[in-house]
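Computed from heavy atoms alone, side chains included, the values below leave out hydrogens, waters and symmetry copies. Quick caveat: nothing in here was measured; it's all calculated off a predicted structure.
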Amino acid sequence: MTSEPHASSVNSGVESASAQEALRETSCAETPVSPFITPRPRGSLRRTPLGMRRNCNAGFKSPVQSPSSSSSGRGSEYSLQKEVSELQGKEAALDQEIAQLESEGFSMAELEEHITLLHEYNELKDVGQMLLGRLAVLRGVTTKELYAEFGMNLED
């Protein structure tokens, strides 16, 4: 019986050059791997999941698709012009609505103040919800029971 130290305690995540080369040869091929038998050099760590191993030198394929250059230039140009004109129509309608609200006595400063107050209200409400949740955990009850205890409406 030999007293050979365990590979992970000796390597500490650093593999020898020959082990790295052997691992590179086995992991870069597109071959199915059995989930029970894992061919790898002794002492190397697994860095890829079990299953199909992909080519390590393959190029990166982005999930974001770029517009293809093969599409007809006139069709895409027409659709862009149509989209721009629709957006310009929406902008004109919104400008008209803003002008109508200002003529009725509303101001942008008042709107911004309301938005700021709503943000502050929502932040305070979130803090209250967290406190109720923690109190419910400490007491071993549901949040719904705490709402009833404090006379609060569940829709609040």
Side-chain angles (χ1 to χ4, degrees), residues 8 11-15 19-36 38-40 44-156:
S8 64
N11 285 344
S12 302
V14 179
E15 300 171 4
Q20 288 178 351
E21 183 62 32
L23 182 62
R24 195 175 305 115
E25 289 173 2
T26 60
S27 65
C28 288
E30 177 121 1
T31 58
V33 177
S34 168
F36 302 108
T38 308
R40 63 177 184 243
S44 68
L45 301 174
R46 175 178 307 288
R47 299 206 172 146
T48 56
L50 295 174
M52 292 295 290
R53 293 189 179 176
R54 294 194 166 81
N55 184 353
C56 294
N57 298 321
F60 173 75
K61 184 176 180 183
S62 174
V64 178
Q65 295 182 2
S66 62
S68 62
S69 59
S70 63
S71 65
S72 65
R74 290 200 70 88
S76 62
E77 184 178 326
Y78 173 75
S79 64
L80 287 175
Q81 287 177 349
K82 182 179 177 182
E83 186 177 353
V84 166
S85 65
E86 288 174 0
L87 290 172
Q88 287 173 340
K90 287 180 182 181
E91 181 185 23
L94 289 173
D95 286 341
Q96 184 180 7
E97 188 177 346
I98 290 171
Q100 179 185 357
L101 290 172
E102 286 177 342
S103 69
E104 293 175 1
F106 295 101
S107 69
M108 291 298 290
E110 183 181 359
L111 177 65
E112 289 175 11
E113 177 67 21
H114 282 289
I115 291 172
T116 301
L117 291 172
L118 282 171
H119 282 296
E120 186 176 341
Y121 167 79
N122 285 332
E123 288 172 4
L124 290 171
K125 185 177 176 185
D126 290 343
V127 170
Q129 292 287 338
M130 287 189 296
L131 289 173
L132 279 174
R134 288 186 181 182
L135 184 61
V137 169
L138 289 173
R139 289 188 180 179
V141 297
T142 65
T143 308
K144 184 177 181 179
E145 293 172 17
L146 286 180
Y147 270 75
E149 181 180 331
F150 291 109
M152 297 170 59
N153 187 359
L154 281 175
E155 278 78 43
D156 284 344

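For E123, there are no side-chain contact (heavy atoms from CB on, under 4.5 Å) partners two or more places apart in sequence or in a different chain. With sequence neighbours left out, E113 forms a side-chain hydrogen bond (donor to acceptor under 3.5 Å, both in side chains) with no residue at all. Looking at residues two or more places apart in sequence or on another chain, you find no salt bridge (Lys or Arg N to Asp or Glu O under 4.0 Å) involving E145. Contacts of T116 classified as side-chain contact (heavy atoms from CB on, under 4.5 Å), with partners at least two apart in sequence or in another chain: none. With sequence neighbours excluded, no residue satisfies side-chain contact (heavy atoms from CB on, under 4.5 Å) with L118. Scored by the side-chain contact (heavy atoms from CB on, under 4.5 Å) test, A136 finds V141, T143, L146 as partners (sequence neighbours excluded).
Here E149 contributes atom CD and R139 contributes atom CZ; the two are 4.5 Å apart, rounded to the nearest 0.5 Å. Residue F106 holds its CZ atom at 10.0 Å from CD of Q100, rounded to the nearest 0.5 Å.
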Determine all donor-acceptor pairs shorter than 3.5 Å in which one atom belongs to a side chain in residues 80-87; sequence neighbours excluded.
from	atom 1	to	atom 2	distance (Å)
S85	OG	Q81	O	3.4
S85	OG	K82	O	2.8

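Heavy atoms from other residues, nucleotides or ligands lying under 6.0 Å from CD of E110 number more than 12.
Inter-residue side-chain proximity for L135 and L131 is flagged as unmet; no heavy-atom pair is nearer than 4.5 Å. At least one side-chain heavy atom of L132 sits under 4.5 Å from a side-chain heavy atom of Y147.
Residue pairs meeting the salt bridge (Lys or Arg N to Asp or Glu O under 4.0 Å) criterion with at least one member in residues 92-109, sequence neighbours excluded, do not occur.
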